[in-house]
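Below: one structure, written as structure tokens.
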Amino acid sequence: MKGPSVNHLLASAALVLAISPLAATAQSAPCGQDAPCTLENGDYHLITPPDWDGTTPLPALVFFHGHNSKASMVFRSGGLNKDFVEEGYLLIAPNGEARAETGIRAWPARVTSTARDDVAFTLAVIEDAARQVPIDRDRVYASGFSAGGSMAWMMGCYAGEAFAGIVSVSGALRRPIPETTCPGGAFNLLQIHGFGDGQVPFEGRGIRDWHQGDLFEALGLLRETNQCRSNPDEITIGEQFRCREWSASCNEGAVKFCEHDGGHGLPRGWTAMARDWLEAQS
């Protein structure tokens, strides 16, 4: 199956518009951190906050694992647990599709992929999770690392209406990117990337018959989609992150790009910064 088509995008939009707040019924999910929640074409894991009352709708973060990892590994992140789960978030971790020849789980995150339609799969994951746990539909976010960061970008660009914000860490929107604007419309994005990243460099790199995508090309696409001016509204230089932000000048949505001196990895403090930024957009 190829990536998002026009028909798929219309169907996804219809799905998003059909979503309504779910009545709070579940005290606990029948699947979770250890036992996967299974759909027809994949599975995912989830975990609820430790002090959740079992009825209040929760904000949700969908986090995409990196290449050759798996959903259950997401819950080992101290930052995600401390700054999201313990702060009252439902954490949802979908599994990338396993390659038949190697068993490696991956997120192709590009429209020419012949793998399953991961945009539709992720929307189905959110719907299924909402049947397990009541979700605050106005505060559903997506994030991911490396290939998972590219998948987060893809969800924003092709199904942005489903998310209040996207955070990509060390990932970029992969080529081929849309010619003019994102089909899913404007969305909020925070990009976190290491200046020394050689695995997913700013310029991207060719791998066999595909290309990771140029980060600045993708950010330019989003500024065009959000109708932002070219130069940033604010530039901040901190001890760890140097950030450029477009918000006040944008007709819709916000764009923030923060680089650090590290390489390909999850930098210290990224989860606290991400949550603060995401909540500011809501």
Side-chain angles (χ1 to χ4, degrees), residues 26-39 41-54 56-98 103-107 109 118 121-136 139-155 162-171 190 192 262 264-279:
Q27 287 294 322
S28 61
C31 52
Q33 181 175 353
D34 299 317
C37 308
T38 304
L39 301 178
N41 59 345
D43 57 43
Y44 68 96
H45 293 257
L46 57 76
I47 187 171
T48 57
D51 57 352
W52 179 49
D53 61 14
T56 302
L58 298 171
L61 177 70
V62 180
F63 191 88
F64 300 99
H65 62 76
H67 179 76
N68 198 19
S69 186
K70 56 185 178 180
S72 59
M73 298 289 287
V74 169
F75 303 105
R76 297 185 182 184
S77 167
L80 287 173
N81 281 296
K82 176 178 179 291
D83 292 310
F84 282 96
V85 178
E86 292 178 13
E87 291 294 327
Y89 282 72
L90 171 67
L91 180 59
I92 303 171
N95 259 317
E97 190 172 30
I104 291 175
R105 293 192 177 276
W107 297 106
D118 282 334
F121 169 68
T122 301
L123 293 175
V125 163
I126 295 170
E127 288 306 298
D128 192 72
R131 287 189 282 271
Q132 317 288 340
V133 178
I135 291 176
D136 181 347
R139 294 192 293 164
V140 177
Y141 311 97
S143 182
F145 168 65
S146 191
S150 296
M151 189 61 213
W153 253 105
M154 193 169 188
M155 292 309 300
F163 302 94
I166 303 289
V167 178
S168 170
V169 186
S170 301
L190 168 61
I192 302 171
H264 190 68
L266 294 162
R268 174 180 51 84
W270 83 268
T271 48
M273 179 175 70
R275 196 189 83 235
D276 288 345
W277 186 83
L278 288 172
E279 292 179 350

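If you're wondering where the values come from, they're calculated on a predicted model, not measured in any experiment.
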Legend entry - From E97 atom CD to N41 atom CG, the distance as rounded to the nearest 0.5 Å: 7.5 Å
Legend entry - Intermediate values then yes/no, side chain to side chain contact (heavy atoms under 4.5 Å, CB included), M154 and T122: CA-CA 11 Å; M154 193 169 188; T122 301; over 6 Å; no
Inset, instruction - Quick one: closest heavy-atom pair of S168 and G149, and the distance? - result: OG-O, 3.2 Å
Inset, instruction - Among P36, P94, C37, find the residue that satisfies the side-chain contact (heavy atoms from CB on, under 4.5 Å) test when tested with D43. - result: P36
Inset, instruction - Look at the side chain of N95 and the backbone N and O of A71, then say whether any donor-acceptor pair between them is shorter than 3.5 Å. - result: yes
Inset, instruction - Could you walk me through whether I126 and V62 pass the side chain to side chain contact (heavy atoms under 4.5 Å, CB included) test, one step at a time? - result: CA-CA 8 Å; I126 295 170; V62 180; 4.0 Å; yes
Inset, instruction - Taking all heavy atoms of P267 and all of I192, pick out the closest pair and write down the distance. - result: CG-CG2, 3.9 Å
Inset, instruction - Please report the shortest heavy-atom distance between V85 and T48, naming the atom on each side. - result: CG1-O, 3.8 Å
Legend entry - CG on D136 to CG on L58, rounded to 0.5 Å: 8.5 Å
Inset, instruction - Would you check if L123 and M155 make a side-chain contact, meaning some heavy-atom pair closer than 4.5 Å? - result: yes
Legend entry - Intermediate values then yes/no, side chain to side chain contact (heavy atoms under 4.5 Å, CB included), M273 and D83: CA-CA 9 Å; M273 179 175 70; D83 292 310; over 6 Å; no
Inset, instruction - Kindly say whether A129 contributes a backbone atom to a donor-acceptor pair with the side chain of Y44 at under 3.5 angstrom? - result: yes
Inset, instruction - Please report the closest heavy-atom contact between Y141 and A164, naming both atoms and the distance. - result: CE2-CB, 3.5 Å
Inset, instruction - Please round to the nearest 0.5 Å and tell me the distance separating atom OG of S69 and atom CZ of F64. - result: 14.0 Å
Legend entry - L278 vs F84, side chain to side chain contact (heavy atoms under 4.5 Å, CB included): CA-CA, chis, key distance, verdict: CA-CA 11 Å; L278 288 172; F84 282 96; 4.3 Å; yes
Inset, instruction - Decide yes or no for C31 and T38: does some side-chain heavy atom of the first lie under 4.5 Å from some side-chain heavy atom of the second? - result: no
Legend entry - Under 3.5 Å: donor-acceptor pair, side chain of N81, backbone of S77: yes
Legend entry - Over all atoms of both residues, closest heavy-atom pair of G148 and W107: CA-CD1, 4.1 Å
Inset, instruction - Taking all non-hydrogen atoms of both residues into account, name the closest pair between I166 and A152 and its distance. - result: CG2-O, 3.4 Å
Inset, instruction - To the nearest 0.5 Å, tell me how far F145 CZ sits from W270 CH2. - result: 10.0 Å
Legend entry - Short side-chain donor-acceptor distance under 3.5 Å, S146 and H264: yes
Inset, instruction - Enter the distance from H65:NE2 to R105:CZ here, rounded to the nearest 0.5 Å. - result: 6.5 Å
Legend entry - Pairwise distance OG1(T271) to CG(D276) - rounded to 0.5 angstrom: 9.5 Å
Inset, instruction - Mind telling me whether F75 and H45 have parallel, tilted or perpendicular rings, with 30° and 60° as the class edges? - result: perpendicular
